[in-house]
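The next block holds one structure in the form of structure tokens; read it before the comments.
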Amino acid sequence: RICGSSQFGWRCPWLCKRSQGQREGAMLLRPAAAALAALAVAALGVNSFCRSSAFAGPVVQQPRHALSSGSSSALRGAAGFAAPRASPQASGSFAGCLATAIGAAAAVAAARVVARMAHMSEKQMGYRIKGAPGRPGSPTTWTPKIRWCKRFKKRIKIRRKTMGTCARPRVAVFKSLQHMHVNVVDDTIGSGVTLLTLTTKQKPILEQIRQVQNCKEGEEITNLIFSAEILGKELAKQCLEKGITMITYDRGGFKYAGRVQALAEAARSGGLQF
């Protein structure tokens, strides 16, 4: 693939994709790395300040024994006079507790950064429809300049408003370059139950597409508008057979145009109520 920024004028596609993912991951980790560095510097500063003479514990002086009592008593007296100073951490002072708290916060921040770095290696770059405990649906408040990231932000926004029930299940649509996939989901049962699955890869739908195109097996084109219409009619037929008459249409962040619109209109003309 021709790449103008490459030194030799070409670059492998998977190398371009990998470098782009690494750049996006580094951009997402910059604020966390800066906060971690600030916490570490603050912890070191507070710790060194607390160890200074201003925060040292009181020196306990013990009376010297008489030198006439012998060399052993003199040594014991000298040892008692030079008693070690108590550290602020051991004495439980406010400065020691503050240094311990800042160090713990720095350790927690480091663990979160490491966990986020491991998560950034995934294909979704942190985006998820339902965030795990402590993780939101989108990792950042801003959207990277990547098309699928913008679509995923729209998908998360639509999913917050769309809920499939037993009376009105949710029809989740996904389109790829060559195929379309439809799932009829009831979100009220557990973490979601798929009631019906349809795709242009299934044999009955492929046979209908071949009949319309009048072609042989393997020569059919499944990414056209009339292929989406066939999938929408089959969706309406199977939903009515299962007693489903009303649905909620979840376009998955895609624009309501082209194949997504053709599938919805075909399902509506087949008897489904949106």
Side-chain angles (χ1 to χ4, degrees), residues 122-124 127-132 137-138 146-274:
E122 299 180 2
K123 293 182 179 180
Q124 293 185 352
Y127 285 89
R128 50 181 61 210
I129 296 299
K130 289 186 177 180
S138 56
I146 302 175
R147 186 171 59 182
W148 71 264
C149 289
K150 295 180 180 179
R151 181 183 68 83
F152 227 90
K153 291 281 283 189
K154 294 179 183 178
R155 183 181 178 187
I156 294 171
K157 185 177 180 180
I158 294 172
R159 185 65 183 84
R160 288 173 181 172
K161 301 178 182 179
T162 306
M163 184 71 177
T165 61
C166 57
R168 186 188 291 268
R170 177 173 59 91
V171 175
V173 179
F174 176 78
K175 68 171 184 177
S176 61
L177 293 177
Q178 299 296 333
H179 295 279
M180 286 197 71
H181 310 271
V182 179
N183 291 327
V184 182
V185 185
D186 184 5
D187 297 312
T188 60
I189 303 176
S191 59
V193 176
T194 303
L195 306 177
L196 183 62
T197 300
L198 289 173
T199 175
T200 52
K201 292 184 177 181
Q202 295 176 352
K203 291 184 178 180
I205 298 177
L206 285 176
E207 290 177 357
Q208 296 182 27
I209 294 174
R210 292 193 203 104
Q211 292 177 2
V212 174
Q213 294 182 356
N214 194 13
C215 62
K216 298 180 181 179
E217 184 178 356
E219 298 179 356
E220 65 274 356
I221 302 175
T222 57
N223 58 355
L224 299 178
I225 291 180
F226 72 87
S227 302
E229 292 177 352
I230 293 174
L231 185 63
K233 292 178 182 179
E234 187 68 22
L235 172 67
K237 178 182 176 182
Q238 295 194 19
C239 284
L240 293 176
E241 289 177 357
K242 290 193 173 185
I244 300 173
T245 58
M246 295 186 297
I247 62 170
T248 301
Y249 196 68
D250 183 8
R251 54 190 176 90
F254 296 101
K255 293 182 180 179
Y256 189 75
R259 289 185 286 167
V260 178
Q261 183 179 1
L263 189 147
E265 292 178 353
R268 188 181 287 109
S269 63
L272 288 180
Q273 299 179 9
F274 282 63

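Below, each value reflects all heavy atoms present in this structure, side chains not excepted, and no hydrogens, waters or symmetry copies. Keep in mind that what you see is a predicted model, and the values were worked out from it rather than measured.
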Legend entry - Which atom of Glu220 lies closest to which atom of Gly218, heavy atoms considered: OE1-N, 3.0 Å

Inset, instruction - With Asn183 as reference, evaluate Leu195, Asp250, Thr199, Thr197 under the side chain to side chain contact (heavy atoms under 4.5 Å, CB included) test and give the passing residue. - result: Thr197

Inset, instruction - May I ask you to test the Val212-Gln208 pair for a side-chain heavy-atom distance under 4.5 Å? - result: no

Legend entry - Trace of the side chain to side chain contact (heavy atoms under 4.5 Å, CB included) decision for Ile205 with Thr222: CA-CA 10 Å; Ile205 298 177; Thr222 57; over 6 Å; no

Inset, instruction - Determine whether more than 12 heavy atoms belonging to other residues, nucleotides or ligands lie under 6.0 Å from atom NZ of Lys233. - result: no

Inset, instruction - Identify the heavy atoms of Asp186 and Ile189 that sit nearest to each other, and give their distance. - result: OD2-CD1, 3.4 Å

Inset, instruction - Using a cut-off of 6.0 Å, state whether more than 12 heavy atoms not belonging to Glu217 lie near its atom CD. - result: no

Legend entry - Nearest non-hydrogen partners of Arg259 and Gln178, listed with the distance: NH1-C, 4.4 Å

Legend entry - Side-chain heavy-atom pair Thr188, Met163 within 4.5 angstrom cut-off: yes

Inset, instruction - Please work out whether the ring planes of Phe152 and Trp148 are parallel, tilted or perpendicular, with thresholds of 30° and 60°. - result: perpendicular

Legend entry - Beyond-backbone contact of Gln213 with Leu224, side-chain heavy atoms, under 4.5 angstrom: yes

Legend entry - Heavy-atom pair with the smallest gap, counting every atom of Arg168 and Phe274: NH1-C, 3.6 Å

